[in-house]
Novice: 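Input: one structure, supplied below.
Values below: all heavy atoms of this structure, side chains included; hydrogens, waters and symmetry mates excluded. The shown structure was predicted, so the numbers you read here are calculated from the model rather than taken from an experiment.
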Amino acid sequence: MPAAKPSAFTRGRRRTIAAAVAAVAAAATLYGVGAATADTSAPRSDKQIPNLTHVVDDIKAYYGDTVDASGEHQASADSNYAKQVAGVEKKAQDYLRGALATSAHHRHGKPAIVLDVDDTSLLTYNYELEVGFNYTPASNDAYIQNKDMAPVFGMPALANWAAKQDVTVFWVTGRPESQRAASVRNLKTAGYTSVADPAHFFLKNKVATDYLPCSAPTYTCSTVDFKAGTRAHIEAEGYDIVANFGDQYSDLSGGHADRSFKLPNPMYYVP
């Protein structure tokens, strides 16, 4: 995949090593948490800017960084990241148990869940360390085509459990269509048993669809338009999206899900 300037339609990532700050601001704006207002003024002092080395060290400590024999960075199953993910997953499974036990809950359609891919289903941690948190479409594509990412701790078990309860599993990702085969391969090797076929796996591309609010001539969609529009399409196919999972607030905004679950990700922010 040739190097290109990221567009709103490809990934739309605004990369920053201190993206957690931006994510908190986005959370307040999107979900009404507090009455914060955006401050776009430039820092007046270096003391207002987190030291990059310290932020990277904090991220590595949070993920419980280890390096395997091949030099790949791995997150640890006993890390604070893994513990925080497990807490979200427990809440989600408890909620799903209760929702699925209430037959009236699904009067609007067959039960389904929607999963994002990067840092919701698959962990990008080693890629981020490999490129120094400097995402580019070219480096990301080379990695995805040639390497498998580890699963996010516990997510295959949660998704597979849901599938055994007759819940249909869908994936909606900002990855481009050109990464479909590699992504399907990785999801399978990561332990997801649901089939990520074209009817259940939606990727971004520059082809117009009849259900997305994308306009000619570029047919570009924002992340929220793409993901919420795709969830609306899934609902129109006769499904009730009982739960929607994502690591970005843009994965979860726009409705068309009974409940949303935010997984932690301090590495980057996708508007």
Side-chain angles (χ1 to χ4, degrees), residues 11-13 15 19-20 23 26-27 30-31 59 62-63 74-75 77 79-93 95-96 112-128 135 140 143-144 148-163 167-176 179-180 182-194 196 200-204 223-224 226-228 230-231 234 241-254 256-271:
R11 291 300 293 270
R13 290 192 178 190
R15 288 283 169 160
L30 292 170
Y31 287 89
I59 289 174
Y62 171 64
Y63 281 91
Q74 306 295 340
S79 64
N80 288 334
Y81 166 73
K83 292 173 184 175
Q84 189 175 359
V85 167
V88 175
E89 291 166 347
K90 183 181 185 306
K91 290 179 182 178
Q93 190 164 15
Y95 157 73
L96 286 169
I113 60 174
V114 170
L115 307 177
D116 170 51
V117 173
D118 290 315
D119 294 295
T120 300
S121 301
L122 302 175
L123 188 60
T124 70
Y125 179 71
N126 183 61
Y127 164 74
E128 299 294 347
Y135 168 91
N140 183 256
Y143 191 101
I144 288 172
D148 281 339
M149 295 178 179
V152 169
F153 296 111
M155 283 305 292
L158 178 59
N160 296 345
W161 171 84
V167 175
T168 303
V169 179
F170 290 91
W171 282 273
V172 181
T173 176
R175 290 186 178 190
Q179 293 176 354
R180 178 181 292 276
S183 300
V184 170
R185 177 202 72 219
N186 197 163
L187 289 169
K188 185 175 180 180
T189 60
Y192 293 92
T193 56
S194 295
H200 299 89
F201 190 18
F202 297 87
L203 301 91
K204 261 190 171 183
T223 300
V224 173
F226 164 65
K227 296 210 167 189
T230 302
R231 292 195 300 273
I234 292 170
I241 300 175
V242 186
N244 178 31
F245 295 84
D247 63 288
Q248 303 289 321
Y249 289 102
S250 53
D251 296 331
L252 310 176
S253 298
H256 302 287
D258 297 341
R259 186 162 172 181
S260 294
F261 293 90
K262 168 76 167 61
L263 278 75
N265 181 3
M267 296 186 291
Y268 57 84
Y269 167 56
V270 181

Novice: Side chains of Asp118 and Thr124 only: does a donor on one sit below 3.5 Å from an acceptor on the other?
Specialist: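 No, no side-chain donor-acceptor pair sits under 3.5 Å.
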Novice: Measuring from Tyr81:OH to Leu263:CG, what's the distance to the nearest 0.5 Å?
Specialist: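 One finds 6.5 Å between OH of Tyr81 and CG of Leu263.
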Novice: In a table with atom names and distances, give each donor-acceptor pair under 3.5 Å that connects a side chain of residues 182-189 to protein atoms at least two apart or in another chain.
Specialist:
unit_1: Ser183; atom_1: OG; unit_2: Arg175; atom_2: NH1; d: 2.8
unit_1: Ser183; atom_1: OG; unit_2: Gln179; atom_2: O; d: 2.7
unit_1: Arg185; atom_1: NE; unit_2: Asp148; atom_2: OD1; d: 3.0
unit_1: Arg185; atom_1: NH1; unit_2: Gln145; atom_2: O; d: 3.4
unit_1: Arg185; atom_1: NH2; unit_2: Ile144; atom_2: O; d: 3.0
unit_1: Arg185; atom_1: NH2; unit_2: Lys147; atom_2: O; d: 3.2
unit_1: Arg185; atom_1: NH2; unit_2: Asp148; atom_2: OD1; d: 3.0
unit_1: Asn186; atom_1: OD1; unit_2: Met149; atom_2: N; d: 2.7
unit_1: Asn186; atom_1: ND2; unit_2: Met149; atom_2: O; d: 2.9
unit_1: Thr189; atom_1: OG1; unit_2: Asp148; atom_2: OD2; d: 3.1
unit_1: Thr189; atom_1: OG1; unit_2: Arg185; atom_2: O; d: 3.4
unit_1: Thr189; atom_1: OG1; unit_2: Asn186; atom_2: O; d: 3.0

Novice: Are the side chains of Val152 and Val85 in touch, meaning some heavy atoms are under 4.5 Å apart?
Specialist: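 Of all side-chain heavy-atom pairs linking Val85 with Val152, at least one is under 4.5 Å.
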Novice: Parallel, tilted or perpendicular for Tyr143 and Tyr127, by the 30°/60° rule?
Specialist: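 Perpendicular: the ring planes of Tyr143 and Tyr127 meet at over 60°.
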Novice: Measure the CD-CZ distance between Glu89 and Phe261 for me, rounded to the nearest 0.5 Å.
Specialist: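 Rounded to the nearest 0.5 Å, the CD-CZ separation comes out at 11.0 Å.
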Novice: Supply the atom-to-atom distance Leu123 CG to Met267 CE, rounded to the nearest 0.5 angstrom.
Specialist: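 Going from the CG atom of Leu123 to the CE atom of Met267 covers 5.5 Å.
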Novice: For a quick test of reading the model, state the closest non-hydrogen atom pair linking Trp171 to Ser121 and the distance between them.
Specialist: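 Looking at all heavy atoms of both residues, the shortest contact is NE1-OG, 3.1 Å.
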Novice: For the residue pair Tyr125 and Tyr63, does the interplanar ring angle fall in the parallel (under 30°), tilted (30 to 60°) or perpendicular (over 60°) class?
Specialist: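 It falls in the parallel class, under 30°.
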Novice: Would Val242 and Tyr95 count as a side chain to side chain contact (heavy atoms under 4.5 Å, CB included) here? Give the steps.
Specialist: CA-CA 9 Å; Val242 186; Tyr95 157 73; 3.4 Å; yes
Novice: Does any non-hydrogen side-chain atom of Thr223 lie less than 4.5 Å from one of Lys204?
Specialist: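 When only atoms from C-beta onward are counted, Thr223 and Lys204 do touch, with a gap below 4.5 Å.
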Novice: If only atom types and distance count, is the side chain of Thr173 paired as donor or acceptor with the main-chain N or O of Asp116 below 3.5 Å?
Specialist: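 Flag not set: sc Thr173 to bb Asp116 has no pair under 3.5 Å.
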Novice: Show your working on side chain to side chain contact (heavy atoms under 4.5 Å, CB included) between Ile59 and Glu128 and close with a plain yes or no.
Specialist: CA-CA 11 Å; Ile59 289 174; Glu128 299 294 347; over 6 Å; no
Novice: Show your reasoning for whether side chain to side chain contact (heavy atoms under 4.5 Å, CB included) applies to Gln248 and Asn265.
Specialist: CA-CA 8 Å; Gln248 303 289 321; Asn265 181 3; 3.3 Å; yes
Novice: Work out which heavy atom in Gln93 is nearest to a heavy atom in Leu158; give both atom names and the distance.
Specialist: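 Gln93 and Leu158 have their closest heavy atoms at CB-CD1, 3.9 Å.
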Novice: Nearest 0.5 Å please: distance from the CZ atom of Arg259 over to the CD1 atom of Ile113.
Specialist: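 So the gap between those two atoms works out to 14.0 Å.
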Novice: Taking all non-hydrogen atoms of both residues into account, name the closest pair between Ala77 and Ala82 and its distance.
Specialist: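 For Ala77 versus Ala82, the nearest heavy atoms are O-CB, 3.3 Å.
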Novice: Check the pair Ile241, Ile234 against side chain to side chain contact (heavy atoms under 4.5 Å, CB included), reporting the backbone distance first and the verdict last.
Specialist: CA-CA 8 Å; Ile241 300 175; Ile234 292 170; 4.1 Å; yes
Novice: Return the minimal non-hydrogen interatomic distance between Gly246 and Asp251, and the atom names on each side.
Specialist: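 Scanning both residues completely, I find the closest heavy atoms to be CA-OD2, 3.5 Å.
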Novice: If we only count heavy atoms from C-beta on, is the Leu203 to Pro176 side-chain gap below 4.5 Å?
Specialist: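 The answer is no, as the side chains (C-beta and beyond) never meet within the 4.5 Å cut-off.
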Novice: State which residues pass salt bridge (Lys or Arg N to Asp or Glu O under 4.0 Å) with Asp247; sequence neighbours excluded, sorted by chain then number.
Specialist: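 Checked Asp247 against salt bridge (Lys or Arg N to Asp or Glu O under 4.0 Å); zero matches.
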Novice: Looking at every heavy atom in both Ala190 and Pro156, which two are closest together, and how far apart are they?
Specialist: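 Minimum heavy-atom separation between Ala190 and Pro156: O-CG, 3.5 Å.
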Novice: Just to verify, what does Ala157 make a side chain to side chain contact (heavy atoms under 4.5 Å, CB included) with, not counting sequence neighbours?
Specialist: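 Listed in chain order: nothing, the list is empty.
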Novice: Which pair of non-hydrogen atoms, one from Ala75 and one from Phe153, has the smallest distance, and what is that distance?
Specialist: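 Answer, listing the atom of Ala75 first, then Phe153: O-CZ, 3.6 Å.
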Novice: Working to the nearest 0.5 angstrom, can you tell me the gap between Lys227 NZ and Asn244 CG?
Specialist: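 Answer for the NZ-CG pair, Lys227 versus Asn244, is 8.0 Å.
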Novice: What's the separation between atom CG in Leu115 and atom CZ in Phe170, rounded to the nearest 0.5 Å?
Specialist: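 It comes to 11.0 Å.
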